[in-house]
Amino acid sequence: MFFFFWAVTFLTFYCASSQQPSGRAGHAETQMLSQMRESNIVLKEIRDLLKKQIKEITFLKNAVMECDACGINPGATGPGITMTVFQRSCTPNPCFPGVSCIDTTTGFLCGACPLGFTGNGTHCADINECSVNPCFHQVDCINTTPGFRCNACPPGYTGPVIKGVGLTYAKANKQICTDVNECENMSSACVANSVCINTQGSYRCGPCKPGYVGDQTSGCRRERTCSNGQSNPCHERANCIIERDGTAACICAVGWAGNGFLCGRDTDIDGFPDERLRCSDINCRKDNCVTVPNSGQEDADRDGVGDACDDDSDGDGILNSEDNCVFVRNVEQKNADKDNFGDVCDNCRNIKNDDQRDTDLDGKGDLCDDDIDGDRIKNILDNCRLISNPDQRDSDGDGVGDVCDSCPDIRNPDQADSDHDLVGDPCDTNKDRDGDGHQDSRDNCPTVINSAQLDTDRDGLGDECDDDDDNDGIPDYSPPGPDNCRLVPNPGQEDSNGNGIGNACEGDFDKDLVIDRIDVCPENAQVTLTDFRAFQTVVLDPEGDAQIDPHWIVLNQGMEIVQTMNSDPGLAVGYTAFNGVDFEGTFHVNTATDDDYAGFIFGYQDSSSFYVVMWKQTEQTYWQANPFRAVAEPGIQLKAVKSTTGPGEYLRNSLWHTGDTSNQVKLLWKDPRNVGWKDKTSYRWFLQHRPQVGYIRARFFEGAEVVADTGVILDTTMRGGRLGVFCFSQENIIWSNLRYRCNDTIPDDYDSYVIQQSQLRA
Ligand SMILES: *[C@@H]1O[C@H](CO)[C@@H](O)[C@H](O)[C@H]1NC(C)=O
Ligand SMILES: *[C@@H]1O[C@H](CO)[C@@H](O)[C@H](O)[C@H]1NC(C)=O
Ligand SMILES: *[C@@H]1O[C@H](CO)[C@@H](O)[C@H](O)[C@H]1NC(C)=O
């Protein structure tokens, strides 16, 4: 009876435990199938055992009856006698308890040992299931007879208490303990308004959140003063920042929008609040499309619903998806040249031009404009058709004007530029001692890192290596300087208010007519506002016919980019090169279709040399297994691309792959959470790059919360370069509310990181 009881208990337990939710949703189905297969096997084993058991009982009954008949009472028999009398038959049972016994002509035969035991049937030994490590690491495994048991998950983890019998069961039912996110439950974790960092099995409390002061012991309270000592006038969701001139300004925190004195929730992080605020600044207006980022608030039919979420943007009664002029009313849909643009919105009505490119923005598409760049020299005579050059200078006489000649001093009529660095092949040495992306022969400071190549006084010496940037005779820093207007000639150094800043550059340090307060690069007259309207497209797999090339649309005066196609890997790269830079933007995939890569790039020097931050939604093996098998994981990745082959299948698969690939890509960091982006969700990134010291740090927000942080990363593969966005096989990506700022200030955490690293090495 022992065996029956045991089998029923086991069955009950087995069925109960197989209903436990499987750990990973993706494997649920396969796991269920294999569990079903296993339970079938187990059931069959049990059925066999039961059959044997019935036989055994019959034997036992017969044996007992025989014993009664011949007058032998087995209970009263001495051990020695039992051995001699019965050793070759099933009475008394010579087998291990619970094992069936069959009498044969030559003696007896024992059945198989019970589940959880091993042996020959007469002798069965307990199997140690703990030998296959069924328990979560750090959890004790207790081997019972029969079976095993795992203790509860360790503190900071949650998961089932596992017990069972047999190696098969132990292997198939390993204990899974998942980390408890203590930070989700702030009441029990860190003090209010402080940073909580979830770790495996535990959590850490960080400093107070921005805008709060204090610590974990005294608590975090609203900061009531700005760092310049003045009282803080900002909204509780805004940060107080100190401008160049020492005055305080209020900026709403990520996930909030407004004028800084008032901030409201901004679900799609495009800079416009979900609800109207009681202030008159433009950023106090209600977002006309609350859930899709549209930092330009474009609204063609002025119906109050932004184009980004209006399925009939021009209100002509024809849905955008069917309308050949999405933003201009045209009920009749006339279209003389049968391209994708109806006559009323076609910049070349009689010539098919689906790209609608119009270089000089004169309203006439390039394909039907006889002076594309608007320099009043007709295309057929113009030696730079795409860049205005009324002087037509052509130093090397190759028919290509200097301003558009990728080698102005070497004849190269074909202008080939295989590495997309804007330097033509015949004059491209790629010898770049300081690594700033400008080859020595063209670098205005060959040995000083200056990707921006700023040369304010145009004397051929870059500002970074010029002692007198504005050539006014007053040295920048040394006596009789320092120059109180380093970038504006003022030999007299007039400074009527005596604040150390010369009159000539007061409030506008680089005299580019954009005041410092709104100038993204106050010390660079060439760069004033974030603008990606002019950009270079780089196709990273030009030969591949796997997919089509990306299609980029630029909105909001160049501060928003949309990519609409499910495409091969590609980049849209702005033309401005930077030294130190802060680069931020909102990232949003506006479709539930597809699960692929999108991201941004920085430090772009050529199509083989750039940094990319890329994010995929789900794990996937690339469908082209040549030249090697590439597997993408979902977590955010930061990669340094330094490719020996340049664009093509090697670079394509290396970009896809999550990991290092020799001579192509180095994975500098990967988000340990390993989670993909969510459909129709806005994320904000904030990148700091200081190529002078190789400092890189990027943070990622979902709503107002930081969800990932690379921490300090040091890498000097690219010493500065251009910025842009990246896509690979993903359509409907929006990069909104883009902002870059020149910034050469080395962040505070750099020093402590370097010290810590050197201590680790010591
Ligand atoms: C069964 O195994 C035990 C222990 O290993 C051994 O002593 C015994 O002789 C074996 N019996 C048979 C029938 O093989
Ligand atoms: C949060 O912590 C409290 C106190 O420890 C607990 O009672 C509550 O169940 C927790 N809530 C969640 C969602 O974990
Ligand atoms: C420049 O970078 C430093 C260090 O990261 C930072 O503290 C400062 O706010 C940045 N300046 C601007 C204008 O963003």
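As the structure lists them, so they are numbered: ligands from 1, and atoms in each ligand from 1.
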Legend entry - Per-residue contact class, Asp582 against ligand 3 - non-hydrogen pairs under 4.0 Å: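 Under 4.0 Å from ligand 3, Asp582 contributes side-chain atoms alone.
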Inset, instruction - With heavy atoms only and a cut-off of under 4.0 Å, state how Arg690 meets ligand 3: side chain, backbone, both or neither. - result: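 Looking at Arg690 and ligand 3, just side chain atoms fall under 4.0 Å.
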Give me the nearest non-hydrogen protein atom to [atom] as residue plus atom name, then the distance to 0.1 Å.
atom: atom 3 (C) of ligand 1; result: His123 ND1, 3.4 Å
atom: atom 14 (O) of ligand 3; result: Arg741 NE, 3.3 Å
atom: atom 12 (C) of ligand 1; result: Asn120 ND2, 3.4 Å
atom: atom 5 (O) of ligand 3; result: Gln688 NE2, 2.8 Å
atom: atom 9 (O) of ligand 3; result: Asn743 ND2, 4.7 Å
atom: atom 4 (C) of ligand 3; result: Pro747 CA, 3.8 Å

Legend entry - Contacting atoms of ligand 1, where contact means under 4.0 angstrom from a heavy atom of Thr122: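 This gives 1 (C), 11 (N) as the contact atoms.
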Ignoring hydrogens and angles, state whether a donor on the side chain of [X] or [Y] is under 3.5 Å from an acceptor on the partner side chain.
X: Asn499; Y: Glu506; answer: yes
X: Asn450; Y: Asp463; answer: no
X: Tyr477; Y: Asp467; answer: no

Inset, instruction - Could you grab the distance from atom CG of Asp443 to atom OG of Ser451, nearest 0.5 Å is fine? - result: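 The distance works out to 8.5 Å.
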Legend entry - N-O pairing of Arg741 and Glu584 below 4.0 Å: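 Yes.
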Legend entry - Asp582 with Arg739: basic N within carboxylate O range, under 4.0 Å: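 A salt bridge is absent here (no side-chain N lies under 4.0 Å from a carboxylate O).
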Inset, instruction - Taking Arg719 for its side chain and Ile449 for its backbone only, find out whether a donor-acceptor pair lies under 3.5 Å. - result: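 It does not hold such a pair.
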Legend entry - Nearest protein heavy atom under 4.0 Å from atom 7 (O) of ligand 3, yes or no: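 Answer no: nothing from the protein, no heavy atom, is under 4.0 Å.
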